[in-house]
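First the structure, in the form of structure tokens, and then the observations on it.
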Amino acid sequence: MAKIAAKGSTKSRHYWLFKSEPGAYSIDDLVRDGTTTWDGVRNFQARNLLRDEIRIGDRVLFYHSNVEPMAIVGTMEVTKAAYGDPTARDKKHDHYDPKSTVETPIWYMVDVRLRKRFENPVTRDMLKDCSDLSEMVVLEKGSRLSIQPVTGEEWRAIHALAGEKPD
DNA sequence: GCCAACGTTGGC
DNA sequence: GCCAACGTTGGC
């Protein structure tokens, strides 16, 4: 995963893509809530990005997975850096992990705020058709990473496809 | 609904 | 430390 580490460790502003199945949490939910905790991440590679790389002010693409149409549906901003995910200590929660404690949370989350819901979502097909985006992690065959680095070039190209000004 | 690709677990 | 078995993800 050297490529991911390299992408995630630049000095300039960091850009990311967070996946969510809209049945679990959608852009509409975020429009309603304004801000949310990005909890439930239970993959070590994604956890490491959350805990070690993602900072306040970083920009995030919101991606709807596993639905028709799969698409980037808006942007978010990180408003709180990583802290222990309390859902890991909630026995009744789907993502309960008995190994998680207050002292050693194992799993982390960040807070995010909606910046923009795209009036015209950028569908997966549009991403695939854009030569500037052929390296995107989300397009890699078999990629299951739910927290992914995005380059500044990709960020700008996606905004161009959405007809939005990059911010 | 299918199933390939992937990450994790646990026996050895 | 290996790797088979298992469960999950997520595009198709």
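In the text below, chain A, chain B and the rest are named by the order of the sequence lines, each starting its count at 1. Since the model is a prediction, treat every value here as computed from it, not as a measurement.
When only modelled atom types and interatomic distance are considered, A:T37 and A:D39 share a side-chain donor-acceptor pair under 3.5 Å.
A sub-4.0 Å separation between OP1 or OP2 of C:dG11 and a side-chain N or O of A:Y63 is present. For the pair A:R124 and C:dC12, the criterion of a side-chain N or O lying under 4.0 Å from OP1 or OP2 is met.
Distance A:K141 NZ to C:dG10 C1': 12 Å, rounded to the nearest Å. The distance from atom CG of A:N66 to atom C1' of B:dG1 is 12 Å, rounded to the nearest whole Å. Taking atom CG of A:L139 as the reference point, atom P of C:dG11 lies 10 Å away to the nearest angstrom. Atom pair A:L145:CG and B:dA5:C1' shows a separation of 14 Å (rounding to whole Å applied). Remark: C1' of B:dA5 and CD of A:Q45 are 14 Å apart, rounded to the nearest angstrom. In this structure, the CG atom of A:D125 is 11 Å from the P atom of C:dG11, given to the nearest Å. Between A:N48 atom CG and B:dG7 atom P the separation is 12 Å, expressed in whole Å. Rounded to an integer number of Å, the gap from A:E140 CD to B:dA4 C1' is 16 Å.
A salt bridge between A:D167 and A:R115 is present, with a side-chain N of the basic residue lying under 4.0 Å from a carboxylate O of the acidic one. Classification of A:R42 and A:D85 as a salt-bridged pair holds, one side-chain N sitting under 4.0 Å from a carboxylate O.
Using the six-membered ring where Trp is involved, A:F18 and A:W38 have ring planes that are tilted, between 30° and 60° apart.
The listed nucleotides are C:dG10, B:dG7, C:dC12; the one nearest the side chain of A:N43 is B:dG7. Distances were taken from every side-chain heavy atom of A:F44 (C-beta onward) to each of B:dT8, B:dG7, C:dG11; the shortest belongs to B:dT8.
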